[in-house]
Structure formats: C-alpha cells, structure tokens
Amino acid sequence: MNSKRFSICIVGGGSTYTPDMMEMLCLVKKEFPLRKIVLYDIDEKRQKPIGEFGSILFQEYYSELDEYVFTCDKETAFTDIDFALVQIRQGGLEMRELDEKIPLKYGVIGQETCGPGGFAYGVRSVLGMIELIHDIRQYSKDAWILNYSNPAAIVAEATKRIFPDDYRILNICDMPISIMDIFAPLAGLKRTDVEPRYFGLNHFGWFTHLYNKETGKDVLPVLLDKLKNGHCDDELHYTDKNDDYWNFTFKHLEKMVQDYPYSLPNTYLQYYLYPNTMVNHIDPNYTRANEVIDGREKRVKEYCQSIIDLHAIRGTQYDLDKKYAQESHDGIEQATVAHNDAHATYIVELAMSIAYNRKDTFLLMVKNNGIVNNLDDGMMLEVACQVGNHGAEPFHVGDVPTFEKGLLEGQYAYEKLTVDATLEGSYQKALQALVVNRTVVDTDLARKILDDYISVNKDYFPKLK
Ligand code: NAD
Ligand code: G6P
Ligand code: MN
C-alpha cells in the first residue's frame, strides 16, 4: 500500500477512452492511490453521461476518493493536480471524417494521422494543445502532462518549441506498445517480459531489438522469422479480438517484414510504404471515422447510459467486480489481463513510473540531441526511454541506415512545416508540408487538398496567407 495519494485530471473527459480509463484507475487503486479525479472537457453535453457514469463508478468502487468532479471550468479542473492525462480531439470525429474523405476524393491516403489528414488534424490540434498547456500551467505549474492527443508527432514538435524546458510534458502513443502486446507471444513472451529498442518519428518508426528481460537475449529475430513465413494470425488469434481494420493492419506487418526483413515496422508505415494498396483498401465513402462513430463512440455512449439507467432503477452497483473479477487482481499486470483496452493501461503505467520513480522503459517522443547521430538534433524522435521523476531519459541509438534516414528526414520536414504553417499562418509552408509528404508529392494536387481543408476548417485553422 502506497501512502501518498495523487490527484488526476482527465482532459477530454468526453473521450471514448475515458470510461475505460476511470475503470482502470479503480482497478489499480491499491498500487496507485488517488485523492482526487477530475474530468474536463469543452463540450458539456458530450462529457455529461461519461461524468455521471464516473459518479456511479467511484461511489461504488472508490470510496477512498476525497473528490470527484466533471467540469468545463478550467480553474476547477486544473487547480491542484499532479497528472493531466490528455486525450482531446480538436474538431471531434466530425472533422476526422473530413480529414480522411477529402484526400481520398483525389486518390490520396485519407487517414487520421498519416498523410494530408494528419496535416489538417495537426493544424487544429497544435493550437488546441498550446492553449490547453498554458491553461494547465496557470493553475498547476508542476503537474505532469501526459498527452495522447494526435497527431502526436506534430503535437510533440509544437510543444518542444513553445515549452522547451518543460520536461513534465510527455507525448505518448499506444501503437508500439500494442505491437509488443500482440507480437511478443510469437517468442513465447508477454510485452512486459521484453525490453524494446526502437527509433523513428511517431507512427513512423521501427523496432530494432526486443530483449528478453530475464536472459538478455534479443528475441526480435524470432518474431521476424515467423512474420516472414506468414500466418502469424493463426498463432496469435488477433483476428478474434479486433475489428477488420486492425486485422488487416496487423496482418499487413507480415508483408512489410517480407519486404524489409531486418526490423519490425510500426503498423502506420503501411500508409507510406504501400500507398496504392491502402488507397484501394479504404472505402472513400465510409472511412475509419465512420467505423468509429458507428462503433466505439456508440458503444461507449450506450455503456455509460446503461449504467446510469441501472443505477436509477436499482440504486445499486453494476458488476465491475464481475466484469474484471477485481478481487483476484491486485496489480496492474493482473488488472491488464482482465482489461480490454490497452490505451488506459499504458498511460496509467507511465504515470505510476513517474509517481514512484520506477524508471520503467517507455517509447516516448523526445528531442534527438544526439540519440541518433546522423539525424537533426532538433528532431522529435520516438525512442525507448527510462521514465522516472526527472522525466524521460532516452537510450542512445547510434546511426540509422540510409533508407530509414531518408524517409525520416522527409517526414520530419513535413511535420516541421506543418507546425511552421500553423504558428506563422503561412499558406506557402502549408503547401510545402503537403508536397514533401510522400503520400502527396504533386504540387497541384497538394493545392487542391489544402484549399478544400481551408474551406471546411474555418472555425479551426488560422488564416493561412
Ligand atoms: P473523442 O472525440 O471521442 O474525444 C475527445 C474529447 O475531447 C471530446 O469529448 C471533445 O469534446 C474533447 N475536446 C476537444 N477539444 C478539447 C479541448 N481543447 N479541451 C478539452 N477537451 C476537448 O476522441 P477519441 O477517439 O476518444 O480520441 C481522443 C484523443 O486521443 C484523440 O486525439 C485521439 O487521436 C487520441 N488517441 C491517441 C492515441 C495515441 O496513440 N497517441 C491512442 C488513442 C487515441
Ligand atoms: C492507435 C494509434 C492511435 C490512434 C488509434 C486510432 O491506437 O496509436 O494514435 O488514435 O490507433 O484508433 P481508431 O480506432 O480511433 O481508428
Ligand atoms: Mn498513436
């Protein structure tokens, strides 16, 4: 039992990931005791059912909490917090749908974070995140800001520039960790049995080693061999657990490893290395945003409402105990086993590593500063870091090969130009950002996509001159 109790604010309280995160905090309350939980959102209506669900959950399962509120008031939300767990989507799923559909009209990748979609989301997100961090810092100057909000690579480039000395801002992505969760079993291991080495930009990187923590042996070659031979889904059964989008995406890793057999790529490289396959695969009239709106968003709303209705009728608890068999779980690892969504697990693990100075290894976005010798020192790399109460301490990588170096430099130019365009209000740099992105290339095409984005983002984009 740890004695210090912490205070957490979930920013983007109306996020589809919030209910799960709140349940996770209940499951780890012995290991990571809290005194206060706050939900904050700019959309009162969206946050309300999730907030009410939280009231019921914490009343039943977290009687030790001194305070729980859900609010749209910044001062209430950000005063006296130790951790802000940030998951905002500037413009909502409605704008995500347009981010994805506009480039597809022109036969170009339409995706949440990759290609032009990531550019449009990036412009919105950078402005929202900068304002948010200023607001948090006004009330809690030392709080840890653990950010999931996408496109994380572009957000990280912007936060590095605006808050250069603030080591308590950490940008994290769940994709590499999910890849480890799914593929480590090919070597007979769990994610937590291996120590990763990885380099790249967010949603644009490669695993180079996966060391067995017990023996020190690198098991990545075992995974690569199996992926090369195909049919990993038979062994892993991930097709049972995930939806078609993710089935296709994880299966696609086999093809990527067959073509580049020396490292394990991030799944998102499928958009950059196989743009033709991906454009043909995506339905331009029903994109991932539509799947999420009709799937996860709806399910989460219904889930929260069902608990609220049950509480109104019975005035008693729902079966969280039964759902996760909590009594038999007394640690985050066991809780994770019972828990469906990895997203909550990772960010809570990160908060705990900081809170207890555990120096566990996470893949985070940090300034290069010599981690990779042959890349720009200012680049916001995603690499393995030990994380404790001094922040992220990255592991050195050395030189990266020419193919990866070339891809990374192009992609980083795109990310920098996106942030420049946003902060300077520059149309020229926005156009350059899209042209340098390898999913677009052609200037006339880039201009058409950019002009369409400008016309639908009037409420969000700065004036681009
Ligand atoms: P969502 O639209 O369901 O939730 C986002 C919430 O943020 C909404 O309730 C919205 O009202 C709120 N919001 C928007 N702007 C805000 C602001 N400025 N301040 C406070 N609240 C604001 O989206 P979701 O699908 O649940 O995803 C949430 C975020 O997490 C997205 O940015 C998504 O890309 C990101 N995400 C990142 C990773 C990762 O690997 N880094 C993984 C999963 C999700
Ligand atoms: C992964 C990525 C996230 C991304 C999410 C999209 O977890 O790492 O950055 O936001 O997938 O999932 P969705 O179900 O919303 O398409
Ligand atoms: Mn991600």
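Note that ligands are numbered from 1 as they come in the structure, with each ligand's atoms numbered from 1 the same way.
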| Residues in ring pair (Phe, Tyr, Trp, His ring centres under 6.0 Å) with Phe163, at least two apart? | His134
| task | Using the salt bridge (Lys or Arg N to Asp or Glu O under 4.0 Å) rule, collect all pairs that involve residues 379-392, keeping only residues at least two apart or in two chains. | result | none
| Is any side-chain N of the basic residue among Glu393 and Lys359 closer than 4.0 Å to the acidic one's carboxylate O? | yes
| SB check Glu94 Arg89 (cutoff 4.0 Å) | no
| Proximal atoms of ligand 2 relative to Cys173 (non-hydrogen, under 4.0 Å) | 8 (O)
| query | Should Asp80 and Arg35 count as an ion pair when the cut-off is N to O under 4.0 Å? | reply | yes
| message | If the contact criterion is a heavy-atom separation under 4.0 Å, does Tyr268 count as touching ligand 2? | response | yes
| message | As a check for students: among Met175, Gln87, Arg96, Gln111, identify the option with a heavy atom nearest to atom 15 (O) of ligand 2. | response | Arg96
| message | Given Phe204, which partner from the list Tyr412, Tyr272, Tyr198 fulfils the ring pair (Phe, Tyr, Trp, His ring centres under 6.0 Å) test? | response | Tyr272
| Is Asp41 paired with Arg46 through a side-chain N to carboxylate O contact shorter than 4.0 Å? | no
| task | May I ask you to test the Thr18-Gln87 pair for a side-chain heavy-atom distance under 4.5 Å? | result | yes
| message | When you measure from the side chain of Ser353 to the backbone of Leu350, do you find a donor-acceptor pair of N or O atoms at a distance under 3.5 Å? | response | no
| Phe6 and Phe32 aromatic ring geometry - parallel, tilted or perpendicular at 30°/60° bounds | tilted
| Among all protein non-hydrogen atoms, which one is nearest to atom 8 (O) of ligand 2, and what is the separation to 0.1 Å? | Asp174 OD1, 2.8 Å
| request: Work out whether the distance between some heavy atom of Tyr148 and some atom of ligand 2 is less than 4.0 Å. | output: no
| remark: The option among Arg89, Arg296, Arg288 carrying the non-hydrogen atom nearest to atom 16 (O) of ligand 2 is Arg288
| message | With 2.8 Å as the threshold, which protein atoms of type N, O or S lie near the Mn ion (ligand 3)? Leave waters out. | response | Cys173 SG, His203 NE2
| message | Checking a contact table here: which protein heavy atom is nearest atom 6 (C) of ligand 2, and how many Å away? | response | Glu112 OE1, 3.5 Å
| Within the structure, does Tyr245 bring an N/O atom to less than 3.5 angstrom of an N/O atom in ligand 2? | no
| task | State the CD-CE distance between Glu409 and Met379, to the nearest 0.5 angstrom. | result | 5.5 Å
| ligand 2 versus His203, non-hydrogen atoms closer than 4.0 Å: side chain, backbone, both, neither? | side chain
| Residue, atom name and distance, where the atom is the protein heavy atom closest to atom 9 (O) of ligand 2 | Asn150 ND2, 2.8 Å
| Can you tell which part of Thr113 has a heavy atom less than 4.0 Å from ligand 2: side chain, backbone, both or neither? | neither
| Near Lys36 NZ, under 6.0 Å, is it more than 12 heavy atoms from other residues, nucleotides or ligands? | yes
| Which protein residues have a heavy atom under 4.0 Å from ligand 1? | Gly12, Gly14, Ser15, Thr16, Tyr17, Tyr40, Asp41, Ile42, Asp43, Arg46, Gln87, Ile88, Arg89, Gln90, Glu112, Tyr121, Tyr148, Ser149, Asn150, Ile172, Cys173, Asp174, Arg296, His343
| Test item: Glu44 side-chain N/O and Cys72 main-chain N/O as donor-acceptor pair under 3.5 Å | no
| query | Mind checking whether His281 and Phe248 have parallel, tilted or perpendicular rings, split at 30° and 60°? | reply | parallel
| request: Could you see which bit of Tyr346 sits under 4.0 Å from ligand 2, with heavy atoms only: side chain, backbone, both or neither? | output: neither
| message | Atom NZ of residue position Lys416 - does it have more than 12 heavy atoms of other residues, nucleotides or ligands inside 6.0 Å? | response | no
